[in-house]
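Encoded as structure tokens, the structure appears first; notes follow it.
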Amino acid sequence: MSDPMKPTLLVVDGHSLAFRAFYALPVDSFTTRDGQHTNAIHGFLSMLLLLLANEKPTHLAVAFDKSRVSFRTREYEEYKGNRGETPVEFKGQVPILQEALQAMGITVLEKDDYEADDLLATLATRGEASGYRVLLVSGDRDTIQLVDDEVTLLYPNSQGVSQLKRYDTAAVIERYGIRPEQYPDVAALVGETSDNLPGIPKVGEKTAVKWLGLYGDLDGILEHADEIKGVVGQNLRDHREHAVRNRKLNRLVRDVPLDVELDALESKPIDLEAIRPIFERLEFRTLMERITKLVTGEASAAAAAPVPPVATDQPAPEAPKAARAVGDELAAWLERAVAAEPAGLGLHLEVLDGRVIGAGVATRTETLEVQWQPGRAELAPFEAWLASAAPKIVTDAKGQLKALQRSGLAFDGLVVDPLVAGWLIRPNLQEKNLSDLVERYLGERVPEGDPAQLVPAEDEASGPPELAWFSARLAPAVLAAMSEGTRRVLADVEMPLVPVLAAMELRGVTVDHAQLAELSTSLGERAAALAASAYAEIGREVNLGSPKQLQEVLFDQLGMPKTRATKTGYSTDASALADLQDSNPHPFLGLLLEHRDATKLRQIVDALDKSIAADGRIHTSYGQIGAATGRMSSNDPNLQNIPIRTEEGRRIREAFRHGEDFAELLTADYSQVEMRIMAHLSGDPGLIEAFNAGEDLHRFVGARVFGVEPADVSPLMRTKVKAMSYGLAYGLSAFGLSKQLRIDRAEATQLMKDYFERFGAVRDYLRGVVEQAKVDGYTETIFGRRRPFPDLNSPNRVLRENAERAALNSPIQGSAADLIKLAMSRTEQALAGAGLRSRMLLQVHDELIFEVAEGESEQVEQIVRDAMAHAADLLVPLDVQIGRGASWDDAAH
DNA sequence: CCTCGAACGTA
DNA sequence: CGTACGTTCGAGGG
């Protein structure tokens, strides 16, 4: 192995790589406005940037062929003679590429009479002699002969140029069965059609390698040519001069007279300003970003990066070498570690195909590696520790807990998931993974296996012990950065929830494929019929899913008045179409709306159908750190946005069923949680009374607002008040209210005025939230969850007002999220504690869905109702509505 | 190939 | 000119 401290010389065959990029990337999509093709340049530079980032060469050069003629063409004039004319689209790119490279401060080499590969050979030879580690990048197989202990070849695979295969001596032997220096002999025998160099007929790689094994080298083979039997033997004798000639031509020249010294190839920092004009001309925006990132280590010049709380220039401690132990030794290690770290040990599980195959355990100074397989008695101490309440720190624990459960391993004692903790501190999803956290809270970097999979260097990547070690050290740093309230939310709300979510995801929910398939077909037929009618109305076929094409139809062809402006034109959304239908009735509009409905539903149905797993169930993933307010999200697929408002939509919910071993689904939802939270937070006596009266909320509020008896509140009054109440929590304006209720501005303003007159504390509270947040810089939920609002004092009005509305909403939405999260952990606990088989499956913000076992219905209802209603003690009661049925739809109430 | 915006489903 | 999400599609740029 080569010494990592050596300087690294990277030499790239510019021509062959650019040429590969040219064919790998579509030319017509890489063309600037003025018609310059850039695919080869782009592909090449993209690959080069990846190489620079990953290999960090100390010295660097890119070699090009000077022309198509070289000493080889003089030697054998048919050499490369079968190659067609180089495409002009490619030719024109080479000088520009060279210009760009020079602007980047990279030495470009070319030499009359030689090919780029000869320059690679020469530099590799010189570099090795001067004590460099050499990396060559070329798409020409002849460069394989240059590989040795200090010279590694990176060779593009068939996919293109972004993935390079690393050939060191071992890799060459593995791939070809011969040593690198023998490769030219093989190539000589086999020939190279692309260079117009025929070899020995019927001799391929296998035969050539076999002969080399028998006779050592090409000379040996030719000496013994007479001994080789059969047609191939005869062919060898007949065409031996081919092999001799090929061998002569494919020997790379290792002493090209180059008037450049290696020292001069030292990598210089890239001057961003020098390359900017060229990149702008080539319209390389993302490449410019990548270079900027490479040079500055920052995302971009524009986004002002927050200053990390930890200085990054102190020396980072080295990860300790992982111990390995089994049996008594393992038990002793764990015992000592547990005693040494009362706050918890770091744990990181290695997962393959959803199962545990290994683990790393760590204190802040020591690590242990465990290779886990089921049924190994000597690992019992590890399993016992996992199952115990001994405190554990696991970053991004949910997925690992799932693997544990799949592998039949019991787990307890999760005290900190630094990822969740980090999110509580900065809920706007700044730190998305362990490595982000390590950078922010420890000021270090997690050594990574190459994310772009370009030549992964395994010895550098962090394994489970290192990751566990980072977690162990991260936890105290993250906890120290949390407020006391936030730490409480972590301990009381979030950590207990992690295993619950893992369990829910594993359970999944049964979905009836046949029902979905039937729905899909009928929706598809309806969509097709509606589309046909719509086309008939306008006399042509357009893509009804394309807002752009719709704009042509509506505003140009049908001459309708322009709707709300969007960035790309005019809105064609449902409300805009409804407005048009009012002003300019046209059958096309109705058909379009119905078509949208049908295709949207079908899309949902098809997506659901596709995500039904082999067990007949859909296993969504919950994003615990999904929303800044504290809510969860659901994805793959999203089960939190299954239609309910329309009849057709509800038919989708009919497809959600209880499993075979269960008797029914049970849904439990909080009624009007957000209004109840508002009542609690504002302390408004009127609102509190409304909830304590146990009467229909909107009727009660309507009676107050309109000054009538509750019995005299008309449906219209109730609707208005309901919209108003719900809008409050979102920072609704009179304008928005008037639009939603389709009433005029004056009426909306009056409604708001009347409302606030009766419920003044609500208005005061909402105002106070924003004012307080402007001072503090954050809002807080009932339970202490914080959300920062940096834009509240922004001079930009749009930004500021957006932040104000979000701030107003945050404690309400966030407190509701806290409530149901608490209720979930309690419910899970209580169901298990009561020894019931019934189990929680889904969460949809204010609703929980359970699968109930035969005979457990009453008990489950009791437990769920109790856990949800008493998740917190508010100034108003929490009302829980329960429904049961064979399907999700039936279970609705 | 990737990113963006529009549209739309839920609470 | 109402918050919070995730998904899908078409379009556009690289």
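Below, read A as the first sequence line, B as the second, and so on, with proteins coming before strands; counting in each chain starts at 1. Note that the coordinates shown come from a computational prediction; the quantities given were computed from them, not determined experimentally.
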Exercise. Give one of base, sugar-phosphate or nothing for A:Ala628, where a contact means two heavy atoms less than 4.0 Å apart.
Key: sugar-phosphate
Quiz prompt | Atom-pair distance (NZ on A:Lys567; P on C:dG12), nearest Å | solution = 15 Å
Exercise. Under 4.0 Å between any heavy atoms, over every strand shown, what does A:Ile644 touch: base, sugar-phosphate, or nothing? Just pick one.
Key: sugar-phosphate
Self-check item: Euclidean distance, A:Leu282 CG relative to A:Met288 CE, rounded to 0.5 Å
Solution: 11.5 Å
Self-check item: d(CD, A:Gln843; C1', C:dC5) in whole Å
Solution: 12 Å
Exercise. Please state whether the base of C:dT3 and the side chain of A:Gln813 form at least one donor-acceptor pair under 3.5 Å?
Key: yes
Exercise. Quick one: label A:Gln740 by what it contacts on the DNA or RNA (base, sugar-phosphate, nothing), any heavy atom closer than 4.0 Å.
Key: base
Self-check item: Sugar-phosphate, base or nothing in reach of A:Ala816, heavy atoms under 4.0 Å
Solution: nothing
Quiz item: First and last nucleotide of DNA chain B in contact with chain A, 5' to 3', at under 4.0 Å to a heavy atom: what are they?
Solution: B:dG5 to B:dA11
Quiz item: How would you label the contact of A:Thr572 with the nucleic acid (heavy atoms, under 4.0 Å): base, sugar-phosphate, or nothing?
Solution: sugar-phosphate
Exercise. Could you tell me whether A:Arg540 atom CZ has more than 12 heavy atoms of other residues or ligands within 6.0 Å of it?
Key: yes
Quiz prompt | Spacing between A:Leu766 atom CG and C:dG2 atom P, to the nearest angstrom | solution = 15 Å
Quiz prompt | Nearest-Å distance for atom pair CG/P, residues A:Leu799 and C:dT3 | solution = 13 Å
Quiz item: For A:Asn39, which contact category applies under a 4.0 Å heavy-atom criterion: base, sugar-phosphate, or nothing?
Solution: nothing
Quiz item: Which part of the nucleic acid, if any, lies within contact of A:Ala734, taking any heavy atom under 4.0 Å across all strands shown: a base, the sugar-phosphate backbone alone, or nothing?
Solution: nothing
Practice problem: Could you check how far OH of A:Tyr730 sits from C1' of C:dC5, rounded to whole Å? | Solution: 12 Å
Practice problem: Take A:Arg785 and A:Glu494 through the salt bridge (charged side-chain N to carboxylate O under 4.0 Å, His left out) test and state the conclusion after the steps. | Solution: CA-CA 11 Å; A:Arg785 179 193 302 276; A:Glu494 301 296 352; 2.6 Å; yes
Exercise. Whole angstrom is fine here: how far is it from CD in A:Gln551 over to P in C:dA11?
Key: 11 Å
Practice problem: Name the nucleic acid region contacted by A:Arg787, choosing base, sugar-phosphate or nothing; use a 4.0 angstrom heavy-atom cut-off, strictly under. | Solution: sugar-phosphate
Exercise. Scan A:Gly727 against the nucleic acid and name what it touches under 4.0 Å (heavy atoms): base, sugar-phosphate only, or nothing.
Key: base
Quiz item: Can a donor-acceptor pair be found between the side chains of A:Ser671 and A:Asp879 at a distance below 3.5 Å?
Solution: yes
Practice problem: Determine whether the side chains of A:Tyr778 and A:Arg786 contain a donor N or O and an acceptor N or O closer than 3.5 Å. | Solution: yes
Quiz prompt | A:Asp579: salt bridge (Lys or Arg N to Asp or Glu O under 4.0 Å) partners, not counting sequence neighbours | solution = A:Arg742
Quiz prompt | A:Gln603 CD - C:dG10 C1' separation (whole Å) | solution = 12 Å
Quiz item: Base, sugar-phosphate alone, or nothing: which one does A:Ser810 contact when heavy atoms must sit under 4.0 Å apart?
Solution: nothing
Quiz item: What does A:Arg805 touch in the nucleic acid at a heavy-atom separation under 4.0 angstrom: a base, only the sugar-phosphate, or nothing?
Solution: sugar-phosphate
Quiz item: Taking the C1' atom of each, how far is C:dG2 from B:dC4, in whole Å?
Solution: 24 Å
Exercise. Tell me what A:Lys600 touches on the nucleic acid: a base, only sugar-phosphate, or nothing, going by heavy atoms under 4.0 Å.
Key: base
Exercise. Could you check A:Asp636 against A:Arg631 and say which one's nearest nucleotide on DNA chain C is further toward the 5' end?
Key: A:Arg631
Quiz item: Do you see a donor-acceptor pair shorter than 3.5 Å between the side chains of A:Ser810 and A:Thr629?
Solution: no
Self-check item: Those residues that, when tested against A:Arg745, pass salt bridge (Lys or Arg N to Asp or Glu O under 4.0 Å) (two or more places apart)
Solution: none
Quiz item: What is the distance, rounded to the nearest whole Å, between atom NE2 of A:His595 and atom C1' of C:dC9?
Solution: 12 Å
